Amino acid sequence: MSVRVRLAPSPTGNLHIGNARTAIYNFLFAKKMQGSFIIRVEDTDLERSTKEFEQNQMEDLKWLGLQADESPANPGEFAPYRQSERLELYKDYAQKLLDEGKAFYDFCSDEELQIMSEKAKSEGTSPYTGKWKKAEHWDEAKSRVAAGEKAPIRFLVPDKAYSFKDYVRGEVKFPAGMVGDFVILRSNGMPTYNFCNVVDDALQKMTHIIRGEDHTNNTLRQLMIYEALDFDIPEFAHVSLLIGEDRQKLSKRHGVTSVRQYREDGYLPEALFNYLCLLGWSHPEEKDVFNWQDIANDFSLTRFSKSHAIYDVEKLKWINGQHIKNMEAEELLQKVRPFIKNEFFHSQTKEWQLSFVSLFQDKVQLLKEFESKINEYVLFESLNSSSELDEIMGWETTPQIQDHVKAELAKIDTDFIQAEDLDSWMNYCKKELKIKGKPLFMGFRGVLTGMNHGPDLKVLVPLTPVSLLKKRLGV
RNA sequence: GCUCCCAUCGUCUAGCCCGGUCCAGGACAUCGCCUUUUCACGGCGGUAACAGGGGUUCGAAUCCCCUUGGGAGUACCA
């Protein structure tokens, strides 16, 4: 039987990095096992779900490289892949449970429910103790429903202990009597998570459920449903959660938590993928910079960390920098272009752009940093006086360099100089003016850029328009 | 409260299942040095952890128990 795993996102917000991480694990496991990765949209919460969020999440998933084998946009054998389009199915199964005496209509009022729940908490009794769970009231309930009254359907929880084997936790046991009869079909006809999730996973033949640890307790309820409906129980892997620096659940105040934001901030999808993958899972050889193709074969459900991981952007940035550094200049340029607004940059030749991008390729961690480098190192027309510049200008050799550069610059009538031009100017200063070493190099840097640091002059200066060089030197 | 889960450097983690090879290894961050006549990249090195207490054992980060701390769930949300 081939492996089938799924991501079941709720379109109630943008794709969260925590969900992206479980998506990554599912995806990787599918690749490793040569199985299928499925996306099923769980939009049964009418209040909060929107098409726009669904669209956004699908785009972000795609951006991350998590191509689904089956999804709403690419339906397979078990369509539809959106729960709001599968409502009849849930009704049928709820009816089946009703018919078999495994579920019942509940007519308790909110007040009654409230009292029960408080009593349950203080006295440790079963959470639902309403009279409707008793078979003697079922006929009455059915006729009220037949007469048009609305009521939720609750699952009649068996009084027994459950347990399951989890890939990351080992054997997990739940004692009897800990959950009350929970709602499976709301009075508005919509199914609840624990119910439709099981129905779909079973009908869509999922073999492994890889999800967040926040679902471990739900597994108890789901196990009951699997059993009641006589479905095959899949294998489970409950992955630890991501938390913030203050060890609280990751939320907005911990900074950026949506994939979309990282995308807009100039992170590479493969870097986010790489980092998220490493939060809670480790490569057998402890590799830490990779693309999914590199490690899919090494992926397994047995190398998950059991404890929570604190999300730390510093390492993400470093990994992003590594991926930028390892990229072909051509490809990098394609990725960088959308992050640059500067018109000057876009009006340059491709050679110029390639040269510029390569010059900063190993100095940058985020795509958007390239933009600021243009103004910082290329597009300025006057040399700001600073202590660093003053020091260089104070050397007795510097004015000589300055005079020579001015004279040479005056002869140039092209838009840019060539690296060879700079070479010959330097050679002149070296041979004729006997300037060498630090005064030579730093002198040129100071005179041409006004700085005592920066990228390789022989690339930088040819990238700078001659008109600007002239203005800086007052030619 | 009740149920489930977790606990190695500041952070991500290896090691734990199958005790000795671990006075605990790697990575990020940090500090220092080298390299680059600058900056960055890179290289080398330093600081830095087995939550606490009991067992078991010749021997425990590894096995057992307790304590403490943390997380999750406890909805007609998912």
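Keep in mind that this is a model prediction, so the values were computed, not measured. Lettering of chains follows the sequences in order, A, B, ..., and the numbering in each one begins at 1.
- Figure legend. U11(B) is base-paired to A27(B); pairs are counted as Watson-Crick or G-U wobble with both atom distances under 3.5 Å.
- The side chain of Ala309(A) lies closest to C12(B), out of C12(B), C5(B), C76(B).
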Under 3.5 Å, which donor-acceptor pairs do the side chains of residues 104-111 of chain A form with other protein atoms, sequence neighbours left out?
residue	atom	partner	partner atom	Å
Asp106(A)	OD1	Cys108(A)	N	3.1
Asp106(A)	OD1	Tyr128(A)	OH	2.4
Asp106(A)	OD2	Arg154(A)	NE	2.8
Ser109(A)	OG	Glu111(A)	OE1	3.4
Ser109(A)	OG	Glu112(A)	N	3.2
Ser109(A)	OG	Glu112(A)	OE1	3.1

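- In terms of phosphate contacts, Thr192(A) brings no side-chain nitrogen or oxygen within less than 4.0 Å of OP1 or OP2 of A75(B).
- His323(A) and Tyr275(A) form no side-chain donor-acceptor contact under 3.5 Å, judged by distance and modelled atom types alone.
- Here the side chain of Val183(A) is nearest to one of C12(B), U3(B), C76(B), namely C76(B).
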Name the atoms and distances for all side-chain donor-acceptor pairs under 3.5 Å in residues 354-364 of chain A, with sequence neighbours left out.
residue	atom	partner	partner atom	Å
Ser358(A)	OG	Leu354(A)	O	2.7
Gln361(A)	NE2	Ile324(A)	O	2.9
Gln361(A)	NE2	Met327(A)	O	2.7

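- Put simply, Gln222(A) has no side-chain N or O that comes within less than 4.0 Å of OP1 or OP2 on A78(B).
- For Thr302(A), the side chain to side chain contact (heavy atoms under 4.5 Å, CB included) partners at least two apart in sequence or on another chain are Ser300(A).
- Closest non-hydrogen pair, Arg40(A) versus Asn197(A), comes out as NH2-ND2, 3.6 Å.
- Nearest to the side-chain atoms of Arg221(A) among the listed nucleotides U38(B), U74(B), C2(B) stands U74(B).
- Judged as a salt bridge (charged side-chain N to carboxylate O under 4.0 Å, His left out), the pairs with a partner in residues 447-463 of chain A (not counting sequence neighbours) are, in order, Asp423(A)-Lys458(A).
- Counting only heavy atoms from C-beta on, Glu314(A) has its side chain closest to C28(B) among C4(B), C76(B), C28(B).
- Side-chain contact between Gln57(A) and Ser10(A) is absent, with no heavy atoms from C-beta onward closer than 4.5 Å.
- Of the candidate nucleotides U13(B), A78(B), A27(B), U13(B) has the atom lying nearest to any side-chain atom of Ser305(A).
- Between the side chains of Tyr81(A) and Glu70(A), at least one donor N or O lies within less than 3.5 Å of an accepting N or O.
- Residue Leu241(A) is classed as a sugar-phosphate contact, given heavy-atom separations below 4.0 Å to backbone atoms only.
- In this structure, of C12(B), A72(B), C6(B), it is C12(B) that holds the atom nearest to the side chain of Lys315(A).
- Here the straight-line distance linking atom OG1 of Thr22(A) with atom CD1 of Ile210(A) works out to 9.0 Å at 0.5 Å rounding.
- Look at the C1' atom in both U3(B) and G53(B): the space between them is 26 Å, to the nearest Å.
- Taking a 6.0 Å sphere around NZ of Lys96(A), one finds it holds more than 12 heavy atoms contributed by other residues, nucleotides or ligands.
- Comparing C6(B), A78(B), A29(B) by their nearest atom to the side chain of Arg169(A) picks out C6(B).
- Not a single donor-acceptor pair, N or O on each side, falls under 3.5 Å between the base of C5(B) and the side chain of Thr216(A).
- Side-chain atoms of His308(A) lie closest to G71(B) of the nucleotides U13(B), G71(B), A78(B).
- Within 4.0 Å of Thr44(A), counting heavy atoms only, lie sugar-phosphate atoms of the nucleic acid but no base atom.
- Remark: G59(B) base-pairs with no nucleotide in the shown strands. Criterion, Watson-Crick or G-U wobble with two distances under 3.5 Å.
- Taking the C1' atoms as reference points, A60(B) lies 45 Å from A75(B), given to the whole Å.
- When the P atom is used for both G69(B) and U57(B), the distance is 31 Å, rounded to whole Å.
- If you take atom P in A72(B) and the same atom in C66(B), they sit 24 Å apart, rounded to whole Å.
- Contact annotation for Lys306(A): backbone-only contact, meaning every heavy-atom pair under 4.0 Å involves sugar-phosphate atoms and none involves a base.
- Among the atoms of the strands shown, none is found under 4.0 Å from any heavy atom of His238(A).
- Annotation: A61(B) and G1(B) have their C1' atoms spaced 34 Å apart (nearest Å).
- Lys436(A) comes within contact range of at least one nucleobase, with a heavy-atom separation under 4.0 Å.
- Using P as the reference atom, C28(B) and G43(B) are 9 Å apart when rounded to the nearest Å.
- The side chain of Ser282(A) contributes an N or O atom lying less than 4.0 Å from OP1 or OP2 of A14(B).
- Checked by atom type, the side-chain pair Arg303(A)/Ser282(A) shows a donor-acceptor distance below 3.5 Å.
- Of the candidate nucleotides C39(B), C12(B), C41(B), C12(B) has the atom lying nearest to any side-chain atom of Ile310(A).
- Among the atoms of the strands shown, base atoms are found under 4.0 Å from some heavy atom of Arg48(A).
- Residue contacts shown for Gly280(A) are limited to sugar-phosphate atoms, with no base heavy atom under 4.0 Å away.
- Closest approach to the Val172(A) side chain among C76(B), C41(B), C4(B) is made by C4(B) (side chain taken as heavy atoms from C-beta onward).
- Under 3.5 Å, the side chain of Asn218(A) and the base of A78(B) form at least one donor-acceptor pair of N or O atoms.
- Backbone-only engagement by Arg303(A) is indicated by non-hydrogen atom pairs under 4.0 Å involving sugar-phosphate atoms exclusively.
- The pairing partner recorded for A72(B) is U3(B), the criterion being a Watson-Crick or G-U wobble arrangement whose two distances lie under 3.5 angstrom.
- Between Arg21(A) and the phosphate of C12(B), there is no side-chain N or O to OP1/OP2 separation shorter than 4.0 Å.
- The CG atom of Asp181(A) sits 9.0 Å away from the CE atom of Met224(A) when rounded to the nearest 0.5 Å.
- Base-pair partner of G42(B): C34(B) (Watson-Crick or G-U wobble, both distances under 3.5 Å).
- Each of Asp456(A) and Ala151(A) has a nearest nucleotide on RNA chain B; the 5'-most of these lies closest to Asp456(A).
- To the nearest whole angstrom, the two C1' atoms, one in C50(B) and one in U8(B), are 4 Å apart.
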Please write out each protein N/O paired with an N/O of nucleotides 44-53 of chain B under 3.5 Å, distance rounded to 0.1 Å.
none

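- The P atoms of A14(B) and A27(B) are separated by 15 Å, rounded to the nearest whole Å.
- For the segment residues 359-376 of chain A, the set of residues with a heavy atom within less than 4.0 Å of an atom of RNA chain B comprises Asp362(A), Lys363(A), in numerical order.
- Between the side chains of His16(A) and Asn19(A), no donor-acceptor pair is found at a separation under 3.5 Å.
- Nucleotide C50(B) forms no Watson-Crick or G-U wobble pair with any nucleotide shown, as no partner meets the under 3.5 Å limit on both distances.
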